[in-house]
Protein chains: 2
Amino acid sequence: MQTPIPDIVVSRLPVYFQTLQTMQAEGQHTTSSKELGEKLGISAAQIRKDLSQFGEFGKQGTGYIISFLIDQLKTILNMDHSWDVAVIGAGNLGKAIAHYHGFAPQGFNIKLVFDTSPDLIGTNIGDLNILDIDELIPCIKKAGVKIAMLTVPDAAAQAVADELVKAGIEGILNYTSTPLNLPPRVVHLRHSDPVSQLQHMTYYIGKSK
Amino acid sequence: MQTPIPDIVVSRLPVYFQTLQTMQAEGQHTTSSKELGEKLGISAAQIRKDLSQFGEFGKQGTGYIISFLIDQLKTILNMDHSWDVAVIGAGNLGKAIAHYHGFAPQGFNIKLVFDTSPDLIGTNIGDLNILDIDELIPCIKKAGVKIAMLTVPDAAAQAVADELVKAGIEGILNYTSTPLNLPPRVVHLRHSDPVSQLQHMTYYIGKSK
DNA sequence: TTGTGTGAATTCCTTCACAGCG
DNA sequence: CGCTGTGAAGGAATTCACACAA
């Protein structure tokens with residue numbers, strides 16, 4: 001860890017990790033950089049380079065033992081324990097996230113849900129009680145939650161994000177279309193606005209017409 | 001368009017586009033690469049380089065006229081007309097997307113929603129009728145929809161994606177964690193799995209502890 | 001043999017720095 | 001002046017190609 005690992009390498013690890021888990025679930029025991037690469041549309045050399053940043057996980061002539069590589073990636077990604085997550089905004093998207101059953105098996109537990117609307121506060125989503133966003137800071141501090149998913153209306157995004165920082169949140173997955181301005185050493189941000197992603201595609205789709 | 005524009009440049013355009021729209025909504029008329037860059041945490045030179053790939057949109061000494069630049073980006077991103085979108089999978093996430101009111105104002109109209117479940121087929125989400133996924137190909141062909149958002153369970157993702165290709169879909173926004181294997185010249189793919197994005201963050205959050 | 005890990009080569013991306021225009 | 005657009009420089013990321021281990 002002398003030279004920090006490039007972020008672009010880190011961004012590929014979850015993809016490797018999930019693909020390996022699928023392979024394992026299908027009963028496979030070993031794989032190679034070539035096979036993984038073909039599945040993912042990535043060159044074999046790149047996969048080897050990426051993994052070699054963290055250690056020597058493969059065996060020459062054989063490839064990688066899937067269960068071992070999964071364990072290594074689990075440690076690298078800090079997924080060897082589960083994480084509590086707060087959902088901020090119980091609109092359509094926030095509700096969907098809170099209901100979604102795909103997080104828990106992957107080690108992410110939705111622990112807190114917040115909203116501003118008096119109609120929603122106090123009501124339940126599954127077994128989660130929707131909390132008043134005014135209580136955001138004490139609730140998050142008390143629960144020790146480090147990760148938030150932000151699904152509030154655009155206009156509120158920056159203000160709520162500032163609150164999250166004060167509450168000690170360390171990672172924000174931003175589903176709004178507002179680019180957040182936050183202290184970069186304190187919070188890790190990821191922007192995941194669906195409209196941007198659709199527009200990225202329409203650029204290419206229009207071209208091919 | 002002699003040399004194709006790098007994808008990494010294209011990926012930044014929607015962010016510029018949306019930020020400019022926000023500035024415009026706030027009554028601002030001009031901006032500079034410096035100001036935009038500071039808002040987005042991107043260097044001014046990069047913004048100028050990116051935009052210069054498509055033409056000369058600025059005025060020396062003045063900067064950019066926001067309304068003009070928005071129009072240019074609208075054309076570049078093919079957002080000068082609206083797009084119809086199909087949502088495949090009416091589970092929690094699919095329902096949320098279908099209900100979400102942020103797409104239409106940005107030119108994306110949810111036109112079709114599909115699911116497999118007999119309990120859902122025929123019921124309504126807002127004014128949209130949930131269709132049988134067995135009817136996917138004819139319905140999409142008939143409606144001429146080019147973009148799909150994929151929110152089916154992981155296990156079904158590849159098979160449904162293959163159907164989408166047969167139906168003539170040209171862009172898939174993939175919310176499953178399955179990396180899709182599709183003919184690259186035919187379909188434009190974007191992977192947006194929330195679990196991967198959370199794992200990308202946990203890498204860094206763990207480190208700083 | 002097969003397939004890893006890795007220096008070297010290459011390609012790609014970003015930043016620099018400045019000419020030139022309004 | 002102030003700020004764009006852009007060659008040139010510098011830095012990163014990817015691919016190549018091969019030594020070497022199982």
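Quick note on labels: first sequence line is chain A, next is B, and so on, each numbered from 1. Any value given below was found using the heavy atoms of this structure, including those in side chains, with hydrogens, waters and symmetry copies removed.
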Round to the nearest Å and state the distance from [X] atom [atom1] to [N] atom [atom2].
X	N	atom1	atom2	answer
B:Gln53	D:dT4	CD	P	17 Å
B:Phe57	D:dC3	CZ	C1'	17 Å
B:Leu69	D:dG5	CG	C1'	14 Å
B:Leu51	D:dT6	CG	C1'	14 Å
B:Glu35	D:dC3	CD	P	10 Å
A:Lys59	C:dT1	NZ	C1'	18 Å
B:Glu56	D:dT4	CD	P	12 Å
A:Ile65	C:dT2	CD1	C1'	15 Å

For [X] and [Y], test the side chains for any donor-to-acceptor distance below 3.5 angstrom and give the result as yes or no.
X	Y	result
A:Asp193	A:Gln197	no
B:Asp162	B:Gln158	yes
B:Glu26	B:Gln21	no
A:His101	B:Asn92	no

Enter the distance from A:Leu189:CG to A:Asn181:CG here, rounded to the nearest 0.5 Å. 9.5 Å
Could you encode protein contacts along nucleotides 9-20 of chain D as a string, one character per nucleotide from 5' to 3', using B for base contact, S for sugar-phosphate-only contact and - for no contact, with a heavy-atom cut-off of under 4.0 Å? ----SSB-B--B
Are any of B:Tyr64's side-chain N or O atoms less than 4.0 Å away from OP1 or OP2 of D:dG5? yes
side-chain N/O A:Ser33 vs C:dG3 OP1/OP2, d < 4.0 Å: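 No, no such contact exists.
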What is the ring orientation for A:Tyr100 with A:Phe103, classed by angle as parallel under 30°, tilted 30 to 60°, or perpendicular over 60°?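 It falls in the perpendicular class, over 60°.
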Is the ring pair A:His188/B:Tyr204 parallel, tilted or perpendicular, if the boundaries are 30 and 60 degrees? parallel
Check each residue of residues 21-32 of chain B for a non-hydrogen atom within less than 4.0 Å of any atom in DNA chain D, then write out the ones that pass by number, or none.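 Heavy-atom contacts with DNA chain D come from B:Ser32.
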Walk me through whether B:Tyr16 and B:Leu51 qualify under side chain to side chain contact (heavy atoms under 4.5 Å, CB included). CA-CA 10 Å; B:Tyr16 301 163; B:Leu51 295 175; 4.3 Å; yes
Pairwise side-chain contact, A:Gln28 with A:Ile66, heavy-atom cut-off 4.5 Å (strictly under):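 In short, these two side chains touch, coming nearer than 4.5 Å.
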